[in-house]
Protein chains: 2
Amino acid sequence: MSSDHQPYHHGNLREALLEAAFRLVDSQGPEAFSMRALARDAGVSSAAPFRHFSDKRVLLDAVAERARAELDRTLDEATAQCADALTQFRAMTVAYVRFAAEHPTLFDLIHSAGSTPGRFPGDLNDERRLKLIALIYEGQNAGLIPEADPELIALTSEALTHGLARMVVDGHPRLASLSSEDARKLALAATQLLQSGIGLS
Amino acid sequence: MSSDHQPYHHGNLREALLEAAFRLVDSQGPEAFSMRALARDAGVSSAAPFRHFSDKRVLLDAVAERARAELDRTLDEATAQCADALTQFRAMTVAYVRFAAEHPTLFDLIHSAGSTPGRFPGDLNDERRLKLIALIYEGQNAGLIPEADPELIALTSEALTHGLARMVVDGHPRLASLSSEDARKLALAATQLLQSGIGLS
DNA sequence: TTTAGGTGTGAGCGGTGCTAACATTAGCGG
DNA sequence: CCGCTAATGTTAGCACCGCTCACACCTAAA
């Protein structure tokens, strides 16, 4: 006579699964979760999740997308309070590496999830990339940056940042036990080193 | 009455498994192989592989180690014919990125296989890293390189190379469809850009 | 109120990594 | 050459996985 039996419909399964998966991936990596376990945790049968995500890959892609949004948000926050474009760019580099250090598995997933093919999955979005190139043009017009190909300069900056982040994630010997504060300093130093080469003050 | 029945012992199972796994990972990525399939291909029962590799992870680690050796060999070949240390370093950068472009899944595995913990799994080995730092000292003594922390300079170079390689592997929009010849040029250009910043000619 | 469709269930298929108990064989000390 | 041990293979099987199918249920629009 128990009248408080669970409702037949969960009500918010999709979101619950996504949320749980996100937390699991963030804390233990993508290997650490299974559809079935997710279903169990949500108090639902093992077949239910497939009503919302046709595929495990699809769920992972959704998680990756959420992580990407999180990265985006972080970068926005980091650059919001910067006056000039140059310090904006530096702050972005720092925030990027810091995010990688604090959420290594998410950072990893972002780049390995081949969700939207033809798009570099996890890095700067197009808007940001354009902004960067615009900054370089600006600098060249002001005579601050030598007349090298702006795309090349942008690419080089991006590569440096990305490489730094990955080295942190992958456990480079000199970077593995880095606090995120140390990561901050390193990112800043390396970026300035590169920029001094390019010609920025 | 078939007198030519298979010998009970394979004779070379460990090597055969390793070889097959290596090829599979190289051509289709680490998801594409299972212990059981490997056993089938070797004409052996599904439990046999575990006599040689206690764990799937262990096998993958062995594959990663082989890949790492391959990378090492490639880098050695690339730098063998270079006269001075500077062009050696540049050739190494180019070869590194090229390897990543030609063997993306191996490159990936090398870095994700947490085999020997505490060691940056897939990058330059210690010997090479020391050589790089020595080169920087040399340059500083000759007055060619400013007196920044040599470790920082080395780290920055390494990050740039590593980042470039990863962007190629992960499918960066401007880098995805890069031929390995284009990768060569890019690596060279970016490296020179950085080095001109540091002070190398 | 009916009905269509979105969301849940249970059973089950073929696959996986891995283990345990047993079989065969190679190789070494006598 | 014999016999023993350890290495290497076998079969059977456990627990789990992703995923599918047929069916049950509930909701909301007509």
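Below, chain A is the first sequence line, B the second, and so on; all start at residue 1. All heavy atoms count here, side chains included; hydrogens, waters and symmetry mates do not.
Regarding contacts with the backbone of dT16(C), a side-chain N or O of Arg40(B) is found under 4.0 angstrom from either OP1 or OP2. Phosphate contact (OP1/OP2 of dA7(D), side-chain N/O of His52(B), threshold under 4.0 Å): absent. Phosphate proximity of dT11(D) to Ser45(B): absent, as no side-chain N or O sits under 4.0 Å from OP1 or OP2.
To the nearest angstrom, P of dT19(C) lies 14 Å from NZ of Lys56(B). Atom CZ of Arg57(A) is separated from atom P of dC17(D) by 19 Å (rounded to the nearest Å). A straight line from CZ of Phe50(B) to C1' of dA12(D) spans 15 Å, rounded to a whole angstrom. Whole-Å rounding puts the Phe53(A) CZ to dG8(C) P distance at 11 Å. For Leu13(A) and dT27(D), the CG to P distance is 15 Å, given to the nearest whole Å. With rounding to whole Å, Met35(A) atom CE is found 15 Å from dT20(D) atom C1'. Taking atom CG on Asp55(B) and atom C1' on dG17(C), their separation rounds to 9 Å, with Å as the unit. Taking atom CZ on Arg14(B) and atom P on dG9(D), their separation rounds to 12 Å, with Å as the unit.
Within 3.5 Å, a donor on the side chain of Arg36(A) pairs with an acceptor on the base of dG18(D), or the reverse.
To the nearest 0.5 Å, atoms CD1 (Ile110(B)) and CG (Asp170(A)) are separated by 11.0 Å.
Of the candidate nucleotides dG8(C), dC17(D), dT8(D), dT8(D) has the atom nearest to the side chain of Arg51(B). Comparing dG18(D), dC17(D), dT16(C) by their nearest atom to the side chain of Ala37(B) picks out dT16(C). Listed nucleotides dT7(C), dG17(C), dG18(D) differ in distance to Ser34(B); the shortest reach to its side chain belongs to dG17(C).
Using a 4.5 Å cut-off on side-chain heavy atoms (C-beta onward), Phe53(B) and Leu60(B) make no contact.
Scanning both residues, Ser46(A) and Pro49(A), for their nearest heavy atoms gives O-CD, 3.5 Å.
Salt bridge absent: Asp72(A) and Arg68(A) never bring a charged side-chain N and a carboxylate O closer than 4.0 Å.
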Per-nucleotide pairing state of DNA chain C [Watson-Crick or G-U, under 3.5 Å; [ ] pseudoknot-crossing; | other strand]: ||||||||||||||||||||||||||||||
Table please: side-chain donor-acceptor pairs of residues 11-39 of chain A below 3.5 Å, with sequence neighbours left out.
{"residue": "Arg14(A)", "atom": "NH1", "partner": "His52(A)", "partner atom": "O", "Å": "3.1"}
{"residue": "Glu15(A)", "atom": "OE1", "partner": "Arg66(A)", "partner atom": "NH2", "Å": "3.2"}
{"residue": "Glu15(A)", "atom": "OE2", "partner": "Arg66(A)", "partner atom": "NH1", "Å": "3.1"}
{"residue": "Glu15(A)", "atom": "OE2", "partner": "Arg66(A)", "partner atom": "NH2", "Å": "3.3"}
{"residue": "Glu19(A)", "atom": "OE2", "partner": "Arg23(A)", "partner atom": "NH1", "Å": "3.0"}
{"residue": "Asp26(A)", "atom": "OD1", "partner": "His103(A)", "partner atom": "ND1", "Å": "3.1"}
{"residue": "Asp26(A)", "atom": "OD2", "partner": "His103(A)", "partner atom": "ND1", "Å": "3.3"}
{"residue": "Ser27(A)", "atom": "OG", "partner": "Arg23(A)", "partner atom": "O", "Å": "3.0"}
{"residue": "Ser27(A)", "atom": "OG", "partner": "Leu24(A)", "partner atom": "O", "Å": "3.4"}
{"residue": "Ser34(A)", "atom": "OG", "partner": "Ala37(A)", "partner atom": "N", "Å": "3.0"}

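By the salt bridge (Lys or Arg N to Asp or Glu O under 4.0 Å) test, Glu70(A) is found to be paired with Arg73(A), residues two or more places apart in sequence or in another chain being considered.
Aromatic ring orientation, His162(A) versus Phe107(A): tilted (interplanar angle from 30° to 60°).
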